[in-house]
Enquirer: 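Sharing a structure below in structure tokens format, with a few things to ask.
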Amino acid sequence: MAQASRNIRNFSIIAHIDHGKSTLADRLIEYTGTLSTRELKEQVLDSMDLERERGITIKLQAVRLRYKAKDGEIYELNLIDTPGHVDFSYEVSRSLAACEGALLVVDAAQGIEAQTLANVYLALENDLEIIPVINKIDLPSAEPERVKQEIEDVIGIDASEAILASAKSGLGVEEILEAIVKRIPPPKGDDEKPLKSLIFDSKFDSYKGAIPYIRIFDGKLGKGTNIKMMSSGKVFEIIEVGVFTPGMTIVEELRAGQVGYIAGSIKNVGDTRVGDTVTDADYPSSEPLPGYRKAVSMVFCGLYPVETSDYDRLKDALEKLQLNDASLMYENETSVALGFGFRCGFLGLLHMEIIQERIEREFGLSIITTAPSVVYKVNTINQEQVLIDNPALLPPEGKIESIEEPMVKATIMVPSEYVGTIMELNQEKRGSFLNMDYITASRVSLYYELPLSEIVYDYFDQLKSRTKGYASLDYELIGYKEANLVKLDIMLNGEIVDALSFIVHKDRAYQRGRKLVEKLRGLIPRQMFEIPVQAVIGSKVIARENIRAMRKDVLAKCYGGDITRKRKLLEKQKEGKKRMKQVGNVEIPQEAFMAVLKMDD
Amino acid sequence: MPSLYVHVPFCVKKCDYCAFYSLPLLNSCEGLADYLRGVAQEIELRSNEAPAGVSSLYLGGGTPTVLSWRQLDDLLKEIHLHFTFLSGQGKEGQSFPEKTTEANPGTITEEKLKVLRDYGVNRISLGAQSFNDRLLYQIGRIHRAQDILHAVKRIRKAGIENLNLDLIFGLPGQTLEDWQDTLRKAVGLSPEHLSVYALTLEEDTPLGKKYLARDLNSFKMSDRDEAGDLPDDDLQADMYEWAVDFLSNKGFRRYEISNFARSGYECQHNLAYWRCEEYIGLGPGAVSCMRRVRSKNIEDMEAYLKDAAAGKRPFDGAETEFLTPEQQMSEYMMLGLRTEQGIDPIDFYHKFQVSIQDIYGQIMANYIDRDVLSISGGRLKIHPNYSFVANSIIKDFIR
């Protein structure tokens with residue numbers, strides 16, 4: 001049979017954080033008997049501890065469900081999970097491209113959020129059949145009719161057949177499975193055509209190497225097939241093919257329409273890039289699937305070991321993390337203050353925080369993260385353009401003709417009573433108003449053009465706190481724009497600490513400098529000497545605070561019976577000191593390097 | 001030659017800041033009698049640890065003077081029966097060997113002083129703490145300022161020429177003026193020695209529970225309102241600095257961070273600790289350090305008595321520590337840098353068979369550059385300006 005099986009359905013779930021995606025996935029797995037309740041650890045799909053703690057999916061997963069439908073036939077349903085955060089929208093788009101349909105899960109009390117909307121648009125771009133599911137309808141505050149109306153008004157799809165469900169209690173699960181079978185089209189595609197398959201994720205296994213997760217559009221593959229990565233032209237021989245049940249289960253072959261994984265001694269996840277097309281090297285497709293692009297780092301920061309001697313361990317940790325995460329970039333960097341470390345590029349702030357936490361947790365390393373920066377385009381007086389992702393490397397003022405900064409288009413969805421608040425926030429963040437839509441009488445979409453650096457700074461936290469958590473945000477990069485930017489340096493005890501430098505709009509420089517020195521005065525403990533903390537632009541001091549000399553740090557007494565205890569006390573204090581970074585004669589705690597980010601606390 | 005410490009773990013009432021092992025008297029003489037029997041057994045058992053004798057004696061507690069004069073007599077008799085004391089003449093007329101007993105102003109009588117004198121006790125360390133009755137009451141002391149005066153009179157009358165007064169600063173609600181007044185009154189009594197301690201809050205003491213509580217709401221605010229807040233670090237530093245200046249003007253040398261003495265009256269027993277010399281500690285909870293092994297007696301009267309009666313050394317095995325060279329060096333620096341004399345590199349070499357430069361060269365150089373440490377008279381010392389932040393420096397010498 002040449003045609004892809006008509007009993008396959010490939011789908012994903014689109015939902016805002018907390019709207020119940022993981023719980024619903026669990027119910028589907030349970031209902032179809034893929035795993036028994038006992039086997040089903042809570043939220044199987046989110047298998048990383050971090051993800052479970054944060055209640056979000058970072059790493060994509062996939063699972064094959066076997067479902068006997070009411071029509072008596074057995075269907076193979078492939079659920080492809082997507083990460084639920086704005087940092088990962090490219091990954092989401094590739095996962096969606098691997099599907100023919102999507103469940104749109106909306107909280108019956110909260111309605112549609114900006115991130116959901118952004119992902120729905122991605123799904124519509126990929127021509128996916130969308131099945132609205134209104135979840136948590138057993139909540140007292142549920143308003144399914146209002147949410148239905150919202151879906152129709154905002155997205156413009158028919159919500160009359162929206163399924164009312166409660167993933168928690170299992171209500172509506174069967175109806176959802178039936179809808180998947182009936183409403184989502186089976187995959188098109190042809191087994192006999194040259195192989196064309198899409199990588200939507202990959203992971204690294206220490207025995208099998210890099211393992212791409214793929215969706216086959218045309219053709220087939222099996223053990224022994226020589227595959228070619230179309231972006232790089234690299235060829236590998238497949239030694240294992242399998243599907244997710246949800247554990248990895250070996251199968252003979254994968255055919256058009258199916259979802260699974262392949263393994264073939266691919267040493268580097270960099271060779272299994274999300275969005276790339278895998279074809280048969282001996283019977284290649286003439287053109288790749290559309291939509292591939294390389295992951296672009298949006299946010300950069302320096303990572304340094306607290307203990308200089310941990311440099312090699314940090315390098316090892318980054319190497320290992322990169323094995324699983326091709327979007328993590330890093331290169332050597334040296335800081336006068338912090339010594340040898342790495343400049344790392346991330347998809348966004350969340351991605352950065354995740355990597356940082358994984359290094360500390362999984363590798364037991366103490367690290368210092370410098371304030372995140374975006375990439376600036378600096379036009380020099382010699383008519384050259386340099387890209388700067390580390391403020392410390394900004395050319396001297398006299399050599400700069402102009403600086404351009406990356407801009408984003410931000411979509412903010414918010415209850416209408418917060419419109420004023422949002423406008424105020426965007427004003428503060430140098431945003432320009434683009435447009436505003438009323439979704440319903442009580443909900444609004446606002447569109448702004450904003451500098452990415454402001455988003456990186458503390459935009460999201462501010463947005464959440466000023467709207468009591470009701471606002472949601474999505475953004476996309478739209479290009480560069482010239483701005484009046486300067487580098488602000490911090491001097492401790494008369495010496496510039498390069499790791500604390502940042503680039504800021506000239507109009508904000510004074511205010512931020514003022515706040516930062518105040519913050520640093522609070523964060524840096526008193527030491528044996530008075531320490532002046534100064535904010536400077538070029539050679540001009542714009543703010544100054546003094547950390548007064550410490551006056552008491554002493555043991556009252558030390559006699560025979562007490563010596564061991566006192567020694568141990570000092571040993572402990574010495575350990576505590578290791579968490580500090582010695583810069584010159586000043587000991588700086590780790591938090592101080594992140595203070596630039598949290599100035600409005 | 002080791003020094004000898006004997007712990008008397010009884011108090012009329014335990015003070016609110018005290019974390020030492022001590023039991024309340026409870027009007028019963030049985031406990032004391034049992035203790036005296038037990039400690040006599042330990043004295044006999046362990047006298048062989050000092051075949052060449054001991055260099056000093058220190059009766060500490062608790063409160064050794066809660067013992068009756070007869071009990072003191074029994075205890076000192078046992079000690080002198082089994083341990084020989086180095087004899088000779090101390091420098092500048094100071095009696096030798098040094099034999100100290102701690103005392104509480106409320107428990108000193110002529111009879112007791114006579115017994116002490118008879119056994120050659122030549123130094124009394126009196127727990128005065130403060131001359132402010134309100135503060136004394138608040139920290140749970142049983143005596144009043146007036147009692148200190150009486151006690152000192154009796155001590156002098158008995159012919160004790162070496163008197164130490166313990167004083168505490170940084171007490172809840174204490175002002176700089178309170179402290180100055182206490183110091184003036186203390187000096188007015190013409191002691192030879194003063195120990196001046198900043199209050200240290202220990203967990204598991206009433207004062208510690210009150211002021212260390214993480215959750216400030218977990219105790220009754222009224223408790224604290226009554227006593228007042230703890231002086232902050234700046235005020236404590238002011239108190240300390242004032243004391244250093246004042247005492248120096250009155251002829252007291254600060255020979256250790258918390259200890260001041262007229263010339264020739266430095267406490268020999270404590271100096272031995274600070275030079276990391278050997279010591280034997282007797283009585284429940286007492287600590288010994290012999291040949292790089294530090295061991296602690298069981299801190300439980302019943303278990304202690306049982307072992308002693310069975311002729312067993314009443315150690316708490318879990319507390320025994322075999323000091324590594326690193327730990328010994330850490331302690332040597334920790335204690336030595338607290339003294340005015342500082343550290344003698346040659347002594348360091350003799351003790352550890354390695355040059356202090358090889359171990360601490362870089363740290364020393366860094367601090368010497370910044371005038372935090374100095375070398376004078378061939379000895380390494382903390383600059384007096386940094387005494388009250390000594391931990392920040394000593395920390396770097398911990399290995």
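Lettering follows sequence order; numbering is per chain, from 1. Quick caveat: nothing in here was measured; it's all calculated off a predicted structure. Side chains included, hydrogens not; waters and symmetry mates left out as well; all remaining heavy atoms used.
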Enquirer: Can you tell me if B:Glu326 has over 12 outside heavy atoms packed within less than 6.0 Å of its CD?
Expert: yes
Enquirer: I need the minimum non-hydrogen distance between A:Val554 and B:Ser387, along with the two atoms involved.
Expert: CG2-O, 3.6 Å
Enquirer: Hey, could you give me the SG/OH distance between A:Cys558 and B:Tyr273, rounded to the nearest 0.5 Å?
Expert: 11.5 Å
Enquirer: Would you find more than 12 non-hydrogen atoms of other residues, nucleotides or ligands less than 6.0 Å from A:Lys315 atom NZ?
Expert: no
Enquirer: So which of B:Ile394, B:Asn385, B:Val287 has the largest heavy-atom pair count under 4.5 angstrom toward chain A?
Expert: B:Val287
Enquirer: Quick one: what part of B:Ser288 sits under 4.5 Å from any heavy atom of chain A, side chain, backbone, both or neither?
Expert: neither
Enquirer: Is there a side-chain contact between B:Ser330 and A:Leu570, using heavy atoms and a 4.5 Å cut-off?
Expert: no
Enquirer: Taking OH in A:Tyr311 as the centre, count heavy atoms belonging to other residues, nucleotides or ligands within less than 6.0 Å. Is the count above 12?
Expert: yes
Enquirer: Could you go through the salt bridge (charged side-chain N to carboxylate O under 4.0 Å, His left out) check for A:Arg565 and B:Glu202 one step at a time?
Expert: CA-CA 12 Å; A:Arg565 202 166 67 97; B:Glu202 306 279 359; 3.2 Å; yes
Enquirer: Under 4.5 Å heavy-atom distance to chain B, tell me which part of A:Lys577 shows up: side chain, backbone, both or neither.
Expert: side chain
Enquirer: Just by distance, do the side chain of B:Arg338 and the backbone of A:Leu555 share a donor-acceptor pair under 3.5 Å?
Expert: yes
Enquirer: Select one option (side chain, backbone, both, neither) describing which atoms of B:Phe169 are under 4.5 Å from chain A's heavy atoms.
Expert: neither
Enquirer: Can any side-chain N or O of B:Tyr279 pair as donor or acceptor with the backbone N or O of A:Gly560 at less than 3.5 Å?
Expert: yes
Enquirer: Checking heavy atoms, do the side chain of A:Lys568, its backbone, both or neither come under 4.5 Å from chain B?
Expert: side chain
Enquirer: Working note: B:Asp234 + A:Arg548, criterion side-chain contact (heavy atoms from CB on, under 4.5 Å); need CA distance, chi angles, decisive distance, verdict.
Expert: CA-CA 11 Å; B:Asp234 287 312; A:Arg548 290 169 50 225; 3.2 Å; yes
Enquirer: Which one wins on heavy-atom pair count under 4.5 Å against chain A: B:Glu321, B:Met334, B:Arg370?
Expert: B:Arg370
Enquirer: Side chain, backbone, both or neither: which part of B:Glu319 has a heavy atom under 4.5 Å from chain A?
Expert: neither
Enquirer: Taking every non-hydrogen pair under 4.5 Å, which of B:Tyr386, B:Trp274, B:Phe20 racks up the most with chain A?
Expert: B:Trp274
Enquirer: Assess the residue pair B:Asp233 and A:Arg526 against the criterion (salt bridge (charged side-chain N to carboxylate O under 4.0 Å, His left out)); give the C-alpha distance rounded to whole Å, side-chain angles, the decisive distance to 0.1 Å, and a yes or no.
Expert: CA-CA 11 Å; B:Asp233 285 359; A:Arg526 290 166 71 173; 5.9 Å; no
Enquirer: Heavy-atom count check: over 12 atoms from other residues, nucleotides or ligands less than 6.0 Å from B:Gln341 CD?
Expert: no
Enquirer: I want to check something: taking the side chain as every heavy atom from C-beta on, are A:Gln573 and B:Asn391 in contact at a cut-off of under 4.5 Å?
Expert: yes
Enquirer: What pair of heavy atoms forms the shortest contact from A:Glu571 to B:Arg399, and how long is it?
Expert: OE2-O, 4.4 Å
Enquirer: For B:Ser392, does its backbone N or O pair with a side-chain atom of A:Asp553 as donor and acceptor, under 3.5 Å?
Expert: yes
Enquirer: Parallel, tilted or perpendicular: which fits the ring planes of B:Tyr197 and A:Tyr559, with parallel below 30° and perpendicular above 60°?
Expert: perpendicular
Enquirer: Between B:Asn259 and chain A, which part of the residue has a heavy atom less than 4.5 Å away: side chain, backbone, both or neither?
Expert: side chain
Enquirer: Heavy atoms, side chains only, cut-off 4.5 Å: are A:Arg551 and B:Phe388 in contact?
Expert: no
Enquirer: Do other residues, nucleotides or ligands put more than 12 heavy atoms under 6.0 Å from A:Lys572 NZ?
Expert: no
Enquirer: Could you report the tightest heavy-atom contact between A:Arg567 and B:Leu323, atom names first, then the distance?
Expert: NH1-CD2, 3.5 Å
Enquirer: When only pairs under 4.5 Å are counted, which of B:Ile257, B:Asn366, B:Val196, B:Leu335 shares the most heavy-atom pairs with chain A?
Expert: B:Leu335
Enquirer: How many angstroms lie between CD1 in A:Ile563 and OH in B:Tyr332, if you round to the nearest 0.5 Å?
Expert: 13.5 Å
Enquirer: I want to check something: taking the side chain as every heavy atom from C-beta on, are A:Lys557 and B:Asp166 in contact at a cut-off of under 4.5 Å?
Expert: no
Enquirer: Are the side chains of B:Lys395 and A:Glu575 in touch, meaning some heavy atoms are under 4.5 Å apart?
Expert: no
Enquirer: Taking all heavy atoms of B:Ala198 and all of A:Ala556, pick out the closest pair and write down the distance.
Expert: O-CB, 3.2 Å
